Amino acid sequence: MPVSTMRYSALKVLKEGLTGNRGWRPAWREPEPRTHYDVIIVGGGGHGLATAHYLASVHGITNVAVLEKGWIGSGNIGRNTTIVRSNYLLPGNEPFYELSMKLWENLEQDLNYNAMMSQRGIVNLFHSDAQRDAYARRGNAMRLAGADSVLLDEAGIRELCPFLDYENARFPIKGGLLQPRAGTARHDAVAWGYARGADSRGVDIIQNCEVTGFTLENGVCTGVDSTRGRISAGKVAVCVAGSSGRVMAMAGMRLPIESHVLQAFVSEGLKPVIPGVITFGAGHFYISQSDKGGLVFGGDIDGYNSYAQRGNLPTVEDVCEGGMAIMPMIGRARLLRMWGGIMDMSMDGSPFIDKTSVPGLYFNGGWCYGGFKATPASGWCYAHLIATGQPHETAAAYRLDRFMSGAVIDERGAGAQPNLH
Amino acid sequence: MLIDHPLLGLRDASEFVYLGDASLMNRPDATAADASQQFHDYLHLRDNPAGLHRELWYHEQGDRSWLIVTRDTLTHEISHVELARDVSLAHRATDQEGGA
Amino acid sequence: MNTATTGLQSARIGTGLLDSTRPVSFQFNGRSYTGLQGDTLASALLANEQRLVGRSFKYHRPRGIFSAGSEEPNALVELGSGAYREPNTRATVTELFEGLEARSQNHRGPLSFDVMAINDHLSSFLSAGFYYKTFMWPKAFWEKVYEPVIRAAAGLGSLSMQEDPDTYDKGFLHADLLIVGAGPSGLAAALTAGRAGLRVIIADDDFLAGGRLNAEQMEVDGMPSAQWAARSHAELCSMPNVRCLLRTSVYGAFDHGIYGALQRCTDHLPDKSSEKPRQILWRIYARQTLLGAGATERSIAFANNDRPGIMLAGAVRTYMNRFGVAPGKEVVVFTNNDDGWRTAADLTRAGVSLAAIIDTRTTSAPMKLPGVRIVMGGQVITTRGRLGLRSVTLHDGQTLPCDCLAVAGGWSPNVHLTCHQRGRPVWRQGIAAFVPGAELPQGMRVIGAANGSLGLSSALTEGHRTAVRIIEASGIGKNTSSSPVAEQESTRITAFWHVSASRGRAWIDLQNDVTTKDIALSFKEGFRSVEHLKRYTTLGMATDQGKTSNVLGLAVMPQLSGKTIQDTGTTIFRPPYTPIPIAALAGRSRGKHFRPVRHTPSHQWAQDNGGDFVETGMWLRAQWYTREGETHWRQSVDREVLQTRRAVGICDVTTLGKIDIQGKDAAAFLDRVYANTFSTLAVGKVRYGLMLREDGFVMDDGTTARLGDTHFLMTTTTANAVSVFRHLEFCRQCLWPEMDVHLISATEQWAQYAIAGPQARALLEGVVDAPFDISNETFPFMACAELTVFNGTPARLFRISFSGELAYELAVPTRYGHSLMEALMQHGKQFDVVAYGTEALGVMRIEKGHAAGNELNGQTTAANLGLGRMVSTKKDCIGAVLSKRPAMNTENAIQLVGFMPEDSAQSLRAGAHFLSEDAEETTANDQGWMTSVAWSPVLNSSIGLGFITNGSNRQGERIKAYDPVRGESYPVRIVSPHFVDPDGERLRG
Amino acid sequence: MADMTLKESYPLDSLDTLIGDTRLSAVENLDIVSIALPHTLAPEKTTETRASLDEKLQSAFGLKLTETGTRSSNGDKHSLLGLQPGMWFLVTSRRTREPARTLKTVVRDTAYLTDQSDSWAILDIAGPHAQAALERICPVDIDKSVFDDTRVVRTSMEHLSVIIERPEPERFRLYSPLSSAQSFLHAVRVSLQNAV
């Protein structure tokens with residue numbers, strides 16, 4: 001049953017300010033788990049909370065619990081570089097990410113929560129004719145899917161980013177592919193916004209509740225065992241980026257996934273420098289600037305299996321070398337903090353939103369390092385699958401059996417080696 | 001990280017290239033009836049353990065040996081390092097005995 | 001203040017550890033001041049009574065100097081000017097040098113009148129997380145209005161936007177023992193281990209060894225503590241097995257005993273023109289590590305506890321004892337522990353007027369302070385003074401005038417490096433602080449204050465004793481030292497965090513303006529886990545990473561939740577310990593030296609002959625050779641193509657990967673790694689090979705020659721040379737170790753040139769030494785031989801053709817490459833020879849329909865490329881099984897075909913997609929894409945290769961090339977990919 | 001028939017320079033042949049082949065087969081570098097244009113040979129600051145206490161695969177891929193300038 005939640009607005013902030021901010025209420029409840037739910041979502045990260053929100057708001061399924069082993073948003077949505085884009089190449093991917101982009105564009109109004117979605121654009125630099133042609137192919141594929149894309153030559157890049165190194169670069173900048181509608185969003189706020197949205201429609205968000213097993217009755221999944229007891233459910237939907245292997249193993253499943261560590265970095269706060277998002281593929285480097293002023297940047301995954309949320313020096317130095325190679329003006333900015341997130345890297349670099357071989361058990365994962373931008377569409381399509389039993393048209397390719405059939409979605413053409421995607 | 005190379009001692013992991021689970025050494029028999037299923041599982045499915053992991057590293061900036069490193073994916077602690085070729089040969093030998 | 005400009009340093013009360021004979025002049029906000037050699041910028045500003053130095057992040061509150069170390073949250077300045085400008089620099093660790101220029105930051109208008117301070121008055125509307133609740137309407141306003149305003153207001157200092165003019169270096173150090181911190185425990189340990197002969201590295205952030213020893217009036221081994229520190233440091237520097245790194249911060253602990261350290265080499269020097277690197281980033285490999293990083297003092301939360309003049313009590317001692325500066329004229333001490341009393345004692349000893357000492361404890365006073373007002377069980381409720389402290393108000397309502405308040409909230413061990421891996425600190429009630437947990441990084445031990453041993457004597461003995469244990473375990477040397485001796489001062493404390501009687505805002509995180517009200521609000525709104533608290537309020541996320549604020553915040557939480565501090569838990573400390581310039585982490589890998597350059601042996605020749613170069617991976621290759629009068633690259637390329645097809649051309653193909661493969665099983669090995677068969681290849685013959693990945697997609701292709709029964713030479717594409725070699729080693733060592741196969745790269749060994757065109761043989765016949773015969777009969781298409789050229793130079797000749805012409809590739813040992821190119825061109829004159837680059841090479845391979853990088857992109861199968869029949873069905877090979885997967889073999893799979901524009905004036909562009917002319921432009925109607933295009937001077941038309949569904953059955957069909965990113969859409973016709981000599985007569989001729 | 005002959009040229013162009021008190025010089029008169037020991041599944045057979053190869057090399061060059069990571073030498077004349085399991089580099093002063101062919105007559109069927117003479121640019125760095133300079137680019141511990149004339153290491157320096165040995169206490173020899181000789185020379189030169 002819906003719960004009344006206070007509506008946020010400038011007026012509200014003003015009123016509370018005048019009355020000593022005494023009237024604010026919790027953004028979500030802290031309910032005790034019930035014995036049964038129509039749907040249990042395992043994992044209170046961005047995707048899980050978004051799924052709950054859309055189950056309730058789009059499909060009217062409100063008897064839903066989100067079980068989170070720690071605090072909500074403690075996974076990759078709490079530790080990413082906040083980039084939102086839909087500049088994919090393959091038909092299995094691009095329509096899905098464009099759906100996500102459209103959901104991003106209305107997120108704040110939908111959630112009544114300011115996730116600071118900021119469409120300041122993303123540009124992927126290229127340095128050779130072959131790279132230009134590959135980006136042209138991609139830009140055209142984006143247009144076919146209704147997305148926006150602009151192919152810029154060197155002059156266009158100079159205008160957009162005058163601070164890059166055009167005179168002395170080892171790999172001279174020849175141009176770039178721009179997606180103006182791309183940008184960044186305040187990552188934590190996305191989780192909080194979805195949590196608040198779901199909670200306000202009656203979804204129970206249960207933190208510090210770890211799932212320890214699935215209850216299977218003659219081959220059908222009918223609920224979970226958790227650190228807060230057994231909870232039965234009509235459907236159980238797993239959505240645990242970074243723990244997919246461990247959780248699905250409890251259902252006896254091996255996945256086409258390896259877990260790797262991706263590091264990210266933020267500098268001390270600075271007055272505005274970087275307009276949007278810039279990616280320098282040849283140097284394994286991408287960067288944006290947060291509203292607080294920190295330069296947020298990263299590069300490749302460390303490349304070895306890891307469940308430790310930290311990486312090592314060679315990658316740190318490799319990323320900074322890329323940064324200095326392309327924009328030597330950031331040299332005297334200081335790296336303030338580095339951290340690692342666990343990426344469920346799939347065998348072709350693309351995710352899964354699918355039923356499993358166990359009836360009643362659903363799986364969403366394998367997002368590699370692209371999960372944040374996918375959050376709204378992932379929730380939307382997962383909710384659609386759970387509610388209707390049918391895959392959403394834009395996510396139909398995200399099947400678990402695609403390696404058996406050969407219908408892989410390999411954007412990089414790197415083959416079945418996760419650390420190359 | 002540092003990898004304790006069986007022949008060369010401690011070497012910085014940045015000299016190595018990582019491949020993945022050591023099970024990639026056990027390439028299935030292409031003539032088997034269910035070869036396509038076997039190859040699918042062999043190439044794509046992983047235990048992906050949170051804990052001890054036997055994995056393949058290639059000493060590209062060194063002696064070009066492929067190594068099997070046993071490493072804890074939670075702590076990154078390395079407990080054992082072997083030359084992949086030795087392991088593969090031993091594995092083959094036992095197979096043949098088994099076959100004989 | 002008027003005295004300040006005259007350089008009188010009116011607050012200087014002694015010389016401390018400074019060199020009073022060396023005045024140093026510097027500038028702050030355009031005004032000139034004078035300090036002394038050995039000052040920090042902060043101590044020099046205090047000496048000149050410049051107390052207002054900055055503004056806070058959110059409310060733009062006036063701020064002064066709060067600490068005497070890297071934990072400083074307030075005194076951040078922009079250092080230097082022009083390209084040297086360095087934002088967010090801590091005045092407290094900035095070594096003063098002649099001519100130093102600093103400016104305060106993050107204010108509009110003068111520092112003393114910042115218009116942004118309006119935020120302070122609006123603070124009740126800017127409470128924690130307010131921005132999540134508003135700025136949502138109208139929708140379009142976010143990017144256009146709200147965000148630009150927020151972004152401009154946020155941030156701190158600003159970058160110069162110019163390239164960093166300094167150079168940086170890196171290095172690798174190895175040690176039996178790394179000691180982090182040259183304070184009492186670190187020095188004691190270093191002396192013990194160094195004297196025993198261990199390879200020791202001791203590093204300290206400060207420019208003076210000693211840590212707190214330099215800040216206190218204490219004695220070690222019967223001499224003043226600072227003197228003992230200097231003497232110990234001198235002894236360590238004299239040991240060949242010890243490396244002392246001052247001005248070096250060990251910023252991170254990584255796996256297996258690897259540490260990151262940054263050494264500042266020239267920052268403190270007035271002369272910026274030095275050739276030497278500004279900083280060196282050391283990667284330290286340490287068998288054992290001792291963390292003696294000391295402890296950081298923290299404040300107490302009470303109303304308006306952020307004003308200039310309010311300072312940590314330990315910092316007050318540092319400024320008096322080390323820098324000879326009186327932090328104020330009238331001082332009040334506010335403490336909850338005995339250490340605060342030592343500040344009071346030092347103040348009175350130094351003759352600074354001490355108005356009172358307020359101790360929150362109700363015990364009896366720990367020491368006598370004649371003539372000082374002592375208030376036990378007292379509290380400071382609030383303070384006054386907008387731009388600088390004027391008075392404090394006590395719990396009983398009385399107000400004490402003062403310009404400096406020394407706050408002693410207790411000391412927090414610097415456990416950061418113990419947490420960089422898995423370590424979680426644990427709460428120790430006795431000292432009211434977190435101490436290192438059980439799970440330390442491999443090989444690390446913690447000593448001294450960092451370990452919670454706050455007393456001087458215990459720090460010294462702990463350092464010594466731990467070093468002895470390491471010596472014994474190492475088996476390297478024997479201990480010859482005994483522990484240094486010192487008094488053990490009292491450090492009793494009764495935890496006290498928050499003056500609850502305070503009404504106004506009480507600051508927790510000074511820089512980010514997080515107050516106790518924000519913490520209460522975030523708790524009220526349900527953000528109750530420490531991580532939610534941190535993220536919602538931004539507590540501890542400023543440039544100081546909460547060094548002075550985290551514990552205070554964590555202590556205030558339980559007062560709301562009723563939990564204990566250890567149950568509340570702590571957030572994780574991440575590297576770096578102190579911020580590191582991005583340029584330092586990049587080191588030398590900048591500009592042209594970002595990555596190495598690979599040159600072919602005839603690079604110089606190409607340069608001398610109009611070569612225009614292009615990056616191909618690390619290689620530089622000539623893409624064409626511009627001749628006199630050619631104004632457009634197309635002219636050069638057309639000429640090269642036409643002349644090659646008419647006469648003969650020479651192209652440097654040295655960059656192709658070459659792998660020497662030998663062994664009894666070499667042939668059988670190739671059968672397994674190539675899709676097609678090689679065991680049937682005769683000695684002296686070459687065969688095109690197609691290599692698949694195990695997933696059945698194409699990995700690479702190239703020609704492989706059989707030089708002998710057990711000897712093959714494989715060529716790979718330039719791009720895949722390394723990955724193919726790695727793959728082959730994997731197959732050899734891991735999959736088929738029983739095979740007798742040996743691999744070694746020969747890429748660098750041979751300079752190789754393609755010689756193509758009708759005159760190719762004629763040219764070569766004059767080059768190849770007798771008796772070698774290269775007539776078509778004895779040396780037909782796909783033949784190879786080892787022979788000699790130009791009177792005795794060993795060479796290899798392969799009759800292979802990428803251009804479709806009668807063609808050869810000639811290889812000589814690399815040292816002859818330059819000479820060979822010259823000789824071929826000279827000898828070839830009579831045959832009208834031309835040198836052609838990679839562009840002409842590309843044109844001719846497209847005219848011939850050969851696949852290259854754009855087609856072999858890792859997403860395509862042999863069938864896609866029209867090479868399906870090459871995948872042998874008679875044998876197993878890498879990729880054979882999975883290449884048969886259904887979705888990779890569908891009816892209308894894409895296939896490589898040729899394309900020509902309907903309108904001959906239209907030039908094709910790679911990247912265009914193919915759709916039926918009438919089809920709606922959607923993903924569903926996408927039929928394929930153009931991979932490679934060229935202007936064919938032979939056909940006088942733009943031609944292209946591309947993939948399109950079921951292409952080979954659709955020749956002659958007209959479809960639409962859709963290229964919206966270039967604003968084009970035009971009709972093209974599907975044709976055969978073999979534009980020139982489809983039957984291959986030329987290459988056999 | 002053209003009566004031309006081909007001239008040799010080297011990327012380091014006979015470099016010989018002093019930076020501070022330490023000398024950088026190119027070495028361009030060496031032949032390098034890789035020697036690979038045939039695999040067999042019978043251990044005794046392998047031992048046999050190895051013994052006979054060892055004997056042949058000893059009689060021809062006075063060099064013993066070494067373990068991977070170690071080297072044997074007789075002065076600067078010849079040295080044998082154990083670079084990979086079952087693979088060595090024989091480094092000799094230049095005698096012929098086809099050293100592999102020549103060596104084949106010595107080792108016969110006890111080894112597979114590949115000429116590597118033109119694959120490497122060889123740089124000597126000798127003097128008091130040699131170690132301090134290499135400390136800036138070499139991740140491996142080359143302190144004299146652990147790295148002497150019996151050791152040889154292939155590692156990564158400045159993104160390049162480099163072989164390093166220490167024939168004399170104050171002289172290191174560096175083998176870097178020939179095509180990137182200029183980049184590596186730059187790296188070593190800068191290291192030395194920064195270290196002296």
Side-chain angles (χ1 to χ4, degrees), chain C residues 167 169-174 199 275-277 280 283 285 588-589 593 595-601 604 618-619 654 660 662-664 710-711 737-742 744-751 766-767 769-770 789-794 812-820 823 826-827, chain D residues 1-11 28 32 34 36-41 84-87 97-98 101 111-121 132 134-143 145-146 158-160 176-184 186-187 190-191 193-195:
Chain C
T167 63
D169 207 352
K170 291 185 185 177
F172 304 85
L173 299 176
H174 303 257
R199 277 171 80 191
E275 294 294 299
K276 298 286 186 186
I280 303 174
R283 192 184 297 181
Y285 302 83
R588 302 179 191 170
S589 298
H593 300 296
R595 290 292 179 262
V597 180
R598 300 179 73 179
H599 292 123
T600 69
Q604 189 55 50
M618 302 284 181
W619 291 100
T654 300
D660 195 64
Q662 298 192 59
K664 284 181 218 61
T710 62
H711 191 184
E738 70 282 3
M739 284 188 147
D740 180 36
V741 183
H742 306 267
I744 186 160
S745 169
T747 306
E748 303 270 333
Q749 179 65 25
W750 298 93
V767 167
D769 298 337
V789 297
F790 287 111
N791 307 301
T793 302
V812 295
T814 309
R815 63 180 183 269
Y816 299 107
H818 177 79
S819 182
L820 177 68
Q826 189 184 343
H827 172 72
Chain D
M1 168 68 203
D3 53 5
M4 293 179 262
T5 57
L6 301 183
K7 294 185 297 310
E8 308 177 344
S9 54
Y10 300 90
E28 290 165 350
I32 305 173
S34 79
L37 183 70
H39 293 160
T40 92
L41 285 181
Q84 295 174 211
M87 198 280 269
R97 292 219 266 189
E98 293 186 87
R101 223 176 270 282
Y112 302 107
L113 307 175
T114 307
D115 187 358
Q116 289 275 294
S117 310
D118 288 53
S119 301
W120 303 91
L134 292 175
E135 209 169 58
R136 302 294 176 96
I137 52 176
C138 178
V140 176
D141 190 354
I142 52 168
D143 184 81
S145 62
V146 293
E158 294 295 280
H159 311 288
L160 292 169
S176 72
L178 192 81
S179 63
S180 41
Q182 295 300 344
S183 295
F184 187 63
H186 172 82
V190 171
S191 302
Q193 285 160 349
N194 289 351

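Small disclaimer: the values here were computed from a predicted structure and weren't measured. Residue numbers begin at 1 in each chain, while the letters A, B, ... track the order of the sequences.
When heavy atoms are compared at a cutoff of 4.5 Å, C:I744 approaches chain D solely by way of its side chain, counted from C-beta outward. In this structure, chain D has no heavy atom under 4.5 Å from any part of C:T654. For chain C, the nearby parts of D:E158 are the backbone and the side chain; heavy atoms of each come within less than 4.5 Å. Contacts of C:W750 with chain D are absent, with no heavy-atom separation under 4.5 Å from either backbone or side chain. The part of C:H742 that comes within reach of chain D is its side chain, from C-beta onward, which places non-hydrogen atoms under 4.5 angstrom from that chain. Proximity to chain C (any heavy atom under 4.5 Å) is shown, for D:A181, by neither the backbone nor the side chain.
Closest non-hydrogen pair, D:M4 versus C:A823, comes out as CE-O, 3.8 Å. D:H159 and C:S589 make their closest contact through NE2-OG, 3.4 Å (heavy atoms, listed as atom of the first residue, atom of the second, distance). Counting all heavy atoms, side chain and backbone alike, D:V140 lies closest to C:H174 at C-NE2, 3.6 Å. Summarising the geometry of C:R199 relative to D:D143, their closest heavy-atom pair is NH2-CB, 3.5 Å, with the distance given to 0.1 Å. Listed here is the closest heavy atom pair of C:R815 and D:S117: NH1-CB, 4.3 Å. The nearest pair of heavy atoms linking C:S819 to D:T5 is OG-O, 4.3 Å.
Here D:L37 contributes atom CG and C:D740 contributes atom CG; the two are 9.0 Å apart, rounded to the nearest 0.5 Å. Taken to the nearest 0.5 Å, the CG atom of C:L820 stands 11.0 Å off from the NZ atom of D:K7.
Between the side chain of C:K276 and the backbone N or O of D:Q193, at least one donor-acceptor pair lies under 3.5 Å. Put simply, the side chain of C:Q662 gets close to the backbone of D:L113: a donor and an acceptor are under 3.5 Å apart. Checking side-chain atoms of D:Q116 against main-chain N and O of C:S745 turns up a donor-acceptor pair under 3.5 Å.
Between the side chains of C:Y816 and D:D118, no donor-acceptor pair of N or O atoms lies under 3.5 Å.
Taking 4.5 Å as the limit, every side-chain heavy atom of D:P177 sits out of range of all side-chain heavy atoms of C:R598. D:R136 has its side chain within reach of C:I280: a pair of non-hydrogen atoms, C-beta onward, lies under 4.5 Å apart. Counting heavy atoms from C-beta outward, C:E748 and D:W120 have side chains that stay 4.5 Å or more apart. Contact of the D:T114 side chain with the C:Q749 side chain is not registered, since no non-hydrogen atoms from C-beta on lie closer than 4.5 Å. A 4.5 Å side-chain heavy-atom check between C:V597 and D:Q182 finds every atom pair outside the cut-off. At a threshold of 4.5 Å between non-hydrogen side-chain atoms, the residues D:Y112 and C:T710 count as touching. Counting only heavy atoms from C-beta outward, the side chains of D:S183 and C:M618 never approach each other to under 4.5 Å.
By number of non-hydrogen pairs under 4.5 angstrom with chain C, the leading residue of D:A36, D:S180, D:P139, D:S9 is D:P139. No other option in C:K664, C:E275, C:H711, C:H818 has as many heavy-atom pairs under 4.5 Å with chain D as C:K664.
Considering only residues two or more places apart in sequence or on other chains, C:T814 meets the side-chain hydrogen bond (donor to acceptor under 3.5 Å, both in side chains) condition with none of them. For C:R588, the salt bridge (charged side-chain N to carboxylate O under 4.0 Å, His left out) partners are C:D169, not counting sequence neighbours.
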